[in-house]
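Below is one structure, written out as structure tokens; comments come after it.
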Amino acid sequence: MNNRINPQDSPSANREYKDRLFRLVFQKKEDLLSLYNAVNGTSYDDPDDLEVNTLENALYLAMKNDLSFLIGATLNLYEHQSSFNPNMPIRGVMYFSKLYEKHIASHEINIYSSAPKRLPFPQHIVFYNGTQEEPDRLTLRLSDLFERPHTDCTPCLECLTTMLNINYGHNRALMEKCLRLKEYAIFVDTVRKYLSSDISLKISVSLAVDACIKSGILTDILTQQKTEVIQMILETFDQEKYEKAMRREGYEDGYTAGKSDGYKSGASSERDQGIRRLLSTLQELDISRETAAAKICEKYHLSGADAEIYIRKYWQED
């Protein structure tokens, strides 16, 4: 029986790594500007037109978002979500109140004046790439979360949050307008594919990063900050629980605990099937024969000679 689970769906999986990675990918003004242009259909070309105003003060730690910035007359709040959250408009209105408070103070705007004051136009965009199927675009409304004392009442507050699905294969036109976003989507998709195989967590993440570098995906970050990115992903998973969930039922306990010969025989058969599936997965992922042999040696504690026997038995030659 296959008890392997997808770590993205595991309660022990901390989804924070993609949120942090999203900020890392768009940390440069030119990349953030490209994303803004793609989302809004604009053509700004000077990164200095963009003023990052993400709240970093210790007073706002509980409110910390992914990215907020001002460009032209637009105040933008960009957030990344790895799970669907219908309450994002609440977060949006709370965060915007802090941003406007900061904007009013820094520009010395007298809100008690009898003359109307102009404020930048707010936009709240959530970039979603969780595993739950969602449409390319979805509008979330703060007003939908209010309790209504009666049906014909109108709330005095509203916040519209636009959720864009950035899983690879969604919002294709948007991806083509912003190559950086497309590469980010491909990277996350690649990590998921490797994590869903029988390879250990550490090896699968490393292989995913190497595969993307080879394919020219996020090469600047993955080359210059490879160790940081890998660690960013690894530290957000519970290694022990994840690997335990990946084990085939009865295999590791039976094989390593030295139980009856009959049970060992069953465990050995289970191990053979595990090796066969792992080799099949590695081959589908275009991993070389030599690397595959090294991986099964590491995972199943095999000698080089034993690994070669399995390679000859299960590796599909062209």
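Counting from 1, the numbers follow the sequence of the chain as shown. Just so it is clear, the structure is predicted and the values come from calculations on it, not from any experiment.
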Sub-4.5 Å side-chain heavy-atom contact between [X] and [Y]:
X: Val126; Y: Leu77; value: no
X: Ile311; Y: Leu279; value: yes
X: Ile166; Y: Met175; value: yes
X: Phe96; Y: Leu75; value: yes
X: Phe26; Y: Cys178; value: yes
X: Asn165; Y: Arg137; value: no
X: His103; Y: Pro120; value: yes
X: Leu302; Y: Ile275; value: yes

Donor + acceptor pair across side chains of [X], [Y] (<3.5 Å):
X: Ser303; Y: Asp306; value: yes
X: Tyr128; Y: His170; value: no
X: Asn40; Y: Gln123; value: yes

Going hydrophobic residue to hydrophobic residue with side-chain gaps under 4.5 angstrom, can you get from [X] over to [Y]?
X: Leu181; Y: Val52; answer: yes
X: Tyr100; Y: Ile109; answer: yes
X: Leu145; Y: Met163; answer: no

Do [Y] and [X] meet the salt-bridge criterion of a basic N to acidic O distance under 4.0 Å?
X: Asp189; Y: Lys193; result: yes
X: Glu298; Y: Lys202; result: no
X: Arg312; Y: Glu308; result: yes

Quick check: does any side chain N or O of [X] sit under 3.5 Å from a backbone N or O of [Y], one acting as donor and the other as acceptor?
X: Lys29; Y: Leu50; answer: yes
X: Ser113; Y: Ala115; answer: yes
X: Arg180; Y: Val25; answer: yes
X: Ser34; Y: Glu30; answer: no
X: Asp136; Y: Asn171; answer: yes

Give the minimum heavy-atom separation between [X] and [Y], together with the two atoms involved.
X: Met88; Y: Glu79; answer: CE-OE2, 3.4 Å
X: Pro149; Y: Glu147; answer: CD-O, 3.6 Å
X: Gln81; Y: Asn85; answer: OE1-CB, 3.9 Å
X: Cys297; Y: Ala307; answer: SG-CB, 3.4 Å
X: Ser43; Y: Asn37; answer: N-OD1, 3.5 Å
X: Glu183; Y: Leu218; answer: OE1-N, 2.9 Å

What distance separates [X] [atom1] from [Y] [atom2], expressed to the nearest 0.5 Å?
X: Asp31; Y: Tyr184; atom1: CG; atom2: OH; value: 14.0 Å
X: His124; Y: Ser68; atom1: NE2; atom2: OG; value: 10.0 Å
X: Asp49; Y: Phe69; atom1: CG; atom2: CZ; value: 12.0 Å
X: Thr223; Y: Ile213; atom1: OG1; atom2: CD1; value: 4.0 Å
X: His80; Y: Asn129; atom1: NE2; atom2: CG; value: 3.5 Å
X: Asn53; Y: Ser106; atom1: CG; atom2: OG; value: 9.0 Å

query = Passes side-chain contact (heavy atoms from CB on, under 4.5 Å), Val229 versus Phe187? Steps please.
reply = CA-CA 11 Å; Val229 171; Phe187 175 70; 4.0 Å; yes
query = Relative to each other, are the rings of Tyr78 and Tyr36 parallel, tilted or perpendicular (30° and 60° limits)?
reply = parallel
inquiry  = Can you tell me how the ring of Tyr310 sits relative to the ring of Tyr314, calling it parallel under 30°, perpendicular over 60° and tilted otherwise?
reply    = parallel
Surrounding [atom1] of [X] (heavy atoms of other residues, nucleotides or ligands, distance under 6.0 Å), is the total greater than 12?
X: Lys117; atom1: NZ; answer: yes
X: Arg289; atom1: CZ; answer: yes
X: Arg148; atom1: CZ; answer: yes

query = Should Ile230 and Lys226 be marked as a side-chain contact (heavy atoms from CB on, under 4.5 Å) after you check the CA-CA gap, both sets of side-chain angles, and the distance that decides it?
reply = CA-CA 6 Å; Ile230 291 176; Lys226 179 178 179 179; 3.9 Å; yes
